[in-house]
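Below, chain A is the first sequence line, B the second, and so on; all start at residue 1. Because the structure is a prediction, the values reported are computed rather than measured.
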Amino acid sequence: MTSKKYILEMFPYPSGNIHMGHVRNYVIGDINARYHKLKGDDVIHPMGWDAFGLPAENAAIQFNTHPQDWTMKNIQNMKDQLQKLDLDLNWDRELATCNQDYYRYQQELFIDFYNADLAYKKDALVNWDPVDQTVLANEQVIDGKGWRTGAKVEKKNLSQWFFRITNYADELLNDLDKLKLWPEKVKTMQRNWIGKSIGAEIKFKIHENSDYLNIFTTRPDTIYGATFIAVSINHPIVKKSLDEKLISKIKKEFGEIDNDKDKIGFQMPIHCDHPIIDKKIPVFIANFVLDTYGEGAIFGCPAHDERDYEFAKKYSLPIIKVIECKDESLPYNGDGVVINSPLLDGLKKDNAIKEIIKIFKKDNIGKEKINYKIRDWGVSRQRYWGCPIPAIYYEDGTYRVLDKEELPVILPYDVNLKGKGNALLNMEDWRKIVCPKTNKVAYRETDTLDTFVDSSWYYIRFLDNKLEKPFNAEKVNKLLPVDKYIGGIEHAILHLLYSRFFMKALRDIYDLKVDEPFKQLFTQGMITHKTYRTEKNEWVMPKEVISKDKKLLRIHTKELIEEGPSEKMSKSKKNVIEPDEILDSYGIDATRIFMISDSPPDRELEWTDEGIQSSKNLVNRIERYFLKEKTVISTETEKKVEKFIYDIEKNILEFSLNKCVADIYTLFNYLEKNQIYLYDSNLSKKILICLFPVLPRLSKKISTSLFKSEKLGNWPEVNDELLVENKINLPIQVQGKLVTTFETVKGYEEKDVLKSIYQLDKIKNKIENKKILRIINVQDKIINIIIK
RNA sequence: GGCCUCGUGCUGGAAUUGGUAGACAGUCUGGACUUAAAAUCCAGUGGGAUUUAUUCCCGUGGCGGUUCGAGUCCGCCCGAGGCUACCA
């Protein structure tokens, strides 16, 4: 029975050239795709381009070109390089996210999301790069500075589009358990990112007026220990209580601290009533309270929280112990018996939490609450080179999301990128339209979508890349999830979480039957290389380094070179190996072998000259082997070949590709050592088929010369009978320690074996004059003799 | 600080998932071939001891435990890497 196999590698950003990391990624996928084809499966193995994004704009400015031209040129170049690698890809499925026939359907999806209330617009504090005049994503802010400009990032209140990923927080979390074929590490990272905490929401009444302050806590059991309230500077209560001038002064002070772990606060002219005890507690604005988590307000319990403790010490606030512990161990945030809390005394943490929530509920001052760390996904980007958001604004400030009939909103080509900020803002002709529905003047949205939106659904578009709808629901139901998705761990959270969200959202909008986009995720390791630098601390490319008299020298200048540790290949350290050059010198097969030998594919692979050379030697050796004249073939040889088929298949399926290489060596070591040559026998056919996924060129070449055909048929069925090895070397232990092995056959009679081994000198020596207490015979595996 | 992953020869790594530790490869050493180098082929390559053998002992970061038996399971400790970081 044939089945479908959708094998996908994360599509590349067209930066200009394929690098070794890509090669490793695609070789791993390609071996799988080729194997499944040989098994007779319907294999989908597409390739495309994650083609929108800021680097294109930067390059356009730098090289005086256009992002589109730059991107298209890169795509062509990289496609040529991929084709040189001879990967078995479905090029007819190719897509590029910057093409109209992709992004116009993304605009449709945006409208779907909007209509389903999964896309919305709101004012939000965003990271604003004052030099580039653009919003930056959180991950583009490094140590509070813009990654490109190095300018200190400001918080700015802007109206932004969001996707309601928080609607799916619980499902995204729970469904991780269903993803049995995902690395545990990635799932953990996603769990942490979603950050579900169970606790309580408590209403604190403001003493001076009738307002309330909501506070989220995971430790309501410590409520008696609350001695202050702290809120974020952006909390609405701040605006109500203080004037603008003072607020900006505090903001400035907060911004000026050197160590951002230092805690400072400002006491507000208001207080809160403690919800249980009859007392007032002060309210502070504190720099350590996050406005993006919980309610942006906390109650401080200094005795049982490190941050609150530090803050209380600094501002001489009372510290009340409510969990039993030694005074020296304060702040103590562990479990324990509640004290100094009349309604909770004697209870342990869990019970105390339950009890206090009961009391809160009864008095209507609080309830249990689940809080998530994950925020809604801000998708607006003030950049030109992205998918235009299909919305328009009227002069009165109202806006309308377009209807699908009004699509596409095409990204204009003639822009001036030299100005500051989003080039679309200056495109008056493009921006200004007359709304066909109202006949009113309107302006197009100039923000474009985060490029992570582009990559959140491309795996669906591949199934029908020319369809005049975003996707074909029937095909999605039939062909998704992707069976094997291969890529770098750096996408563990963002891309993979966004894609999971998209799949679930689309499922709900279109009534699809798919819950998760990727059934199996395989994260390949990076490729490392030694680093080299001159005494002047200049990085030097490996190909410029030669070894002479045990010293490393730079080829042309003869400068002395110092060798550094192996690190991820990077342009900045120049420790890169160019795939093109390797392919030219060693060929595709040797490159493929090296990509999977030595290290398991999910771990680092260190590039070495010896490694690639010995891979080439293996390829040559196999080619030479098949030139030798045929010899007599024994059953034992048949068995070895059968074992090879079984092992290599198992190892391909388990992504243990390094072991596939070992299987190949083991087989040819056996054949050559015993001078068994198979030439044009049936066994050769089987071997060549099994070599094909790993060494396609070589396998084809030998097949053609021996059998006059490139294709030798499907993956061979493993003959189980030949796999069973009857003869075994049974390990014999005395007192659990190996003494010798005994050659016998499977299914031996225990007493016969014992009789024979008692005659062996080694055993005799050990058990002479001793009493045999017990014989442990694990049939066909081991015999252990226990003596006294 | 929190969470996760992982500690096996000189190196990358195997080990049927609790049953012969070190497969396979690289490196290095010696030998064959060669005018020479590369390639190729042969032998050796965890540590130690000795009577040099079809020998013995030790050995999977450390200590302890479970078991007839532990690289594998459990507890504590040490170390490395990754992610995340004032998440209330």
Side-chain angles (χ1 to χ4, degrees), chain A residues 183-193 195-197 199-200 215-220 222 226 230 232 259-263 286-301 304-308 310-311 333 371-375 489-490 492-493 566 593-594 597-600 602-606 608-611 613-618 620-621 624 647 650-651 656 658-669 672-673 728-742 760-762 765 773-778 780-787:
Chain A
E184 206 50 50
K185 198 203 286 188
V186 174
K187 290 194 275 185
T188 308
M189 282 163 78
Q190 294 210 354
R191 279 188 196 106
N192 292 342
W193 186 265
K196 180 177 184 173
S197 340
I215 281 174
F216 173 76
T217 178
T218 54
R219 293 297 301 272
T222 63
S232 144
N259 180 356
D260 58 8
K261 294 263 155 143
D262 284 348
K263 288 169 186 54
N287 67 328
F288 70 94
V289 180
L290 303 174
D291 51 57
T292 52
Y293 185 76
E295 301 288 333
I298 60 152
F299 75 73
C301 176
H304 305 291
D305 183 284
E306 278 166 47
R307 295 150 301 178
D308 299 348
E310 200 187 315
F311 194 78
N333 54 22
N371 195 54
Y372 295 92
K373 217 159 86 177
I374 191 172
R375 308 279 90 199
I489 188 113
E490 65 272 19
I493 296 172
S566 214
I593 281 280
F594 183 52
S597 55
D598 290 341
S599 299
D602 53 350
R603 283 198 221 167
E604 265 177 19
L605 172 68
E606 186 179 6
T608 59
D609 293 343
E610 293 83 12
Q613 185 57 52
S614 60
S615 300
K616 179 67 183 169
N617 293 346
L618 176 64
N620 291 338
R621 179 178 163 195
R624 274 198 311 273
D647 285 343
K650 183 163 162 272
N651 287 327
S656 299
N658 53 323
K659 289 194 244 167
C660 291
V661 180
D663 294 337
I664 295 171
Y665 275 111
T666 307
L667 176 70
F668 285 95
N669 285 352
E672 293 193 315
K673 190 152 206 165
I728 50 169
N729 261 334
L730 190 69
I732 311 296
Q733 295 182 333
V734 175
Q735 304 291 71
K737 279 193 173 184
L738 182 76
V739 173
T740 188
T741 59
F742 180 74
L760 299 173
D761 284 346
K762 279 185 176 181
N765 291 341
L773 290 180
R774 225 175 124 189
I775 300 291
I776 290 151
N777 172 37
V778 183
D780 299 342
K781 278 205 168 160
I782 202 160
I783 287 182
N784 190 3
I785 303 167
I786 309 303
I787 53 174

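Listed by chain and residue number, S566(A) satisfy the side chain to side chain donor-acceptor pair (under 3.5 Å) test with E606(A) (two or more places apart in sequence, or in another chain). Legend: residues meeting side-chain contact (heavy atoms from CB on, under 4.5 Å) with I493(A), ordered by chain and number and at least two apart, are M189(A), W193(A), L497(A). For E310(A), the side-chain contact (heavy atoms from CB on, under 4.5 Å) criterion is met by K263(A), not counting sequence neighbours. In terms of the side chain to side chain donor-acceptor pair (under 3.5 Å) criterion, residue partners of Q613(A) (sequence neighbours excluded) are, by chain and number, N617(A). Residues satisfying the side chain to side chain donor-acceptor pair (under 3.5 Å) test with K185(A), not counting sequence neighbours, are none. F288(A) pairs by the ring-ring contact (aromatic ring centres under 6.0 Å, His included) definition with F311(A), not counting sequence neighbours. In this structure T292(A) satisfies the side-chain contact (heavy atoms from CB on, under 4.5 Å) test together with L290(A), R375(A), sequence neighbours excluded.
Atom CD1 in I664(A) sits about 13 Å away from atom C1' in A25(B), given to the nearest Å. In this structure, CZ of F288(A) is placed 18 Å from P of A85(B), rounded to the nearest angstrom. Rounded to whole Å, the distance from CD on E490(A) to P on U84(B) is 12 Å. Here C68(B) presents its C1' atom at 8 Å from CD of Q733(A), a figure rounded to the nearest Å. In this structure, CE of M189(A) is placed 14 Å from C1' of G2(B), rounded to the nearest angstrom. Taking atom CG of N784(A) as the reference point, atom P of G69(B) lies 8 Å away to the nearest angstrom. Taking atom CD on Q190(A) and atom P on C4(B), their separation rounds to 16 Å, with Å as the unit. Per the geometry, CZ belonging to F299(A) stands 12 Å off P belonging to A88(B), to the nearest Å.
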Please list each protein N or O that sits under 3.5 Å from an N or O in nucleotides 10-15 of chain B, with the distance.
residue, atom, partner, partner atom, Å
G12(B), O2', S599(A), OG, 3.0
A15(B), OP1, K659(A), NZ, 2.4

Return the polar atom pairs (N/O with N/O) between nucleotides 27-33 of chain B and the protein under 3.5 Å, or none.
none

Between protein and nucleic acid, restricted to nucleotides 46-49 of chain B and to nitrogen or oxygen atoms under 3.5 Å apart, what atom pairs and distances do you find?
none

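Here salt bridge (Lys or Arg N to Asp or Glu O under 4.0 Å) pairs that include residues 287-296 of chain A, with residues two or more places apart or in two chains, are E295(A)-K369(A).
Contact check, K616(A) against A38(B): no side-chain N or O comes under 4.0 Å of OP1 or OP2. The side chain of N669(A) places an N or O atom within less than 4.0 Å of a non-bridging phosphate oxygen (OP1 or OP2) of A25(B).
Note on D308(A): nothing from the nucleic acid sits closer than 4.0 angstrom, heavy atoms only. Residue R624(A) is classed as a sugar-phosphate contact, given heavy-atom separations below 4.0 Å to backbone atoms only. Within the 4.0 angstrom heavy-atom criterion, only backbone atoms of the sugar-phosphate kind lie near S197(A); the bases stay farther away. Nucleic acid contact class of I776(A) (heavy atoms, under 4.0 Å, all strands): base. Counting non-hydrogen atoms under 4.0 angstrom, K263(A) reaches a base of the nucleic acid. Counting non-hydrogen atoms under 4.0 angstrom, N192(A) reaches the backbone sugars and phosphates but no base.
Toward the 5' end of RNA chain B, the nearer of the two residues Q613(A) and R774(A), judged by each one's closest nucleotide, is Q613(A). Each of S614(A) and W193(A) was matched to the nucleotide of RNA chain B holding its nearest heavy atom; the match closer to the 5' end belongs to S614(A).
Remark: the separation of the C1' atoms in A25(B) and A14(B) is 11 Å, to the nearest Å. For the C1' atoms, the distance linking G62(B) with G44(B) amounts to 33 Å, nearest Å. Using atom C1' as the reference point in both G61(B) and C6(B), the two lie 11 Å apart (nearest Å). G19(B) and A70(B) have their P atoms separated by 11 Å, given to the nearest Å. Nucleotides U54(B) and U66(B) are separated by 36 Å at their C1' atoms, to the nearest Å. The same atom, C1', is picked in U72(B) and in A39(B); the two are 42 Å apart, to the nearest Å. To the nearest whole angstrom, the two C1' atoms, one in G13(B) and one in U27(B), are 14 Å apart. As rounded to the nearest Å, U51(B) and U60(B) have C1' atoms that lie 31 Å from one another.
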Taking Watson-Crick and G-U wobble contacts under 3.5 angstrom, with | marking pairs to another strand and [ ] crossing pairs, the secondary structure of RNA chain B is written (((((((..(((......[....))).(((((.......))))).((((.....))))..(((((..]....))))))))))))....
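Side-chain atoms of Q735(A) come within 3.5 Å of backbone atoms of I787(A) as a donor-acceptor pair (strictly under, hydrogens ignored). The backbone N or O of C301(A) lies less than 3.5 Å from no partner atom in the side chain of R219(A), so there is not a single donor-acceptor pair.
Here the side chain of T188(A) is nearest to one of C24(B), A88(B), C4(B), namely C4(B). Closest to the side chain of Y665(A), out of G19(B), A88(B), A25(B), is A25(B). The side chain of N287(A) lies closest to C86(B), out of U20(B), C83(B), C86(B). The N617(A) side chain lies nearest to U40(B) when the options are U40(B), U20(B), C4(B). With distances taken from any side-chain atom of V778(A) to the nucleotides A21(B), A39(B), G19(B), the minimum falls on G19(B). Proximity note for K373(A) (side chain, C-beta onward) versus U84(B), G19(B), C3(B): the nearest is U84(B).
Residues F668(A) and K673(A) have side chains not in contact (no heavy-atom distance under 4.5 Å, counting atoms from C-beta outward). Put simply, the side chain of I786(A) reaches to within 4.5 Å of the side chain of I776(A), judged on heavy atoms. With contacts defined as side-chain heavy-atom distances shorter than 4.5 Å, the pair S597(A)/S615(A) qualifies. Side-chain contact check for L618(A) versus Y665(A): some heavy-atom pair is nearer than 4.5 Å.
When all heavy atoms are compared, the tightest approach of P731(A) to L738(A) is CB-CD1, 3.7 Å. Closest of all the heavy-atom pairs between A230(A) and V289(A) is CB-CG2, 3.7 Å.
There is no side-chain donor-acceptor pair under 3.5 Å between N658(A) and D598(A).
Classification of U29(B) as anti follows from a glycosidic angle more than 90° from 0.
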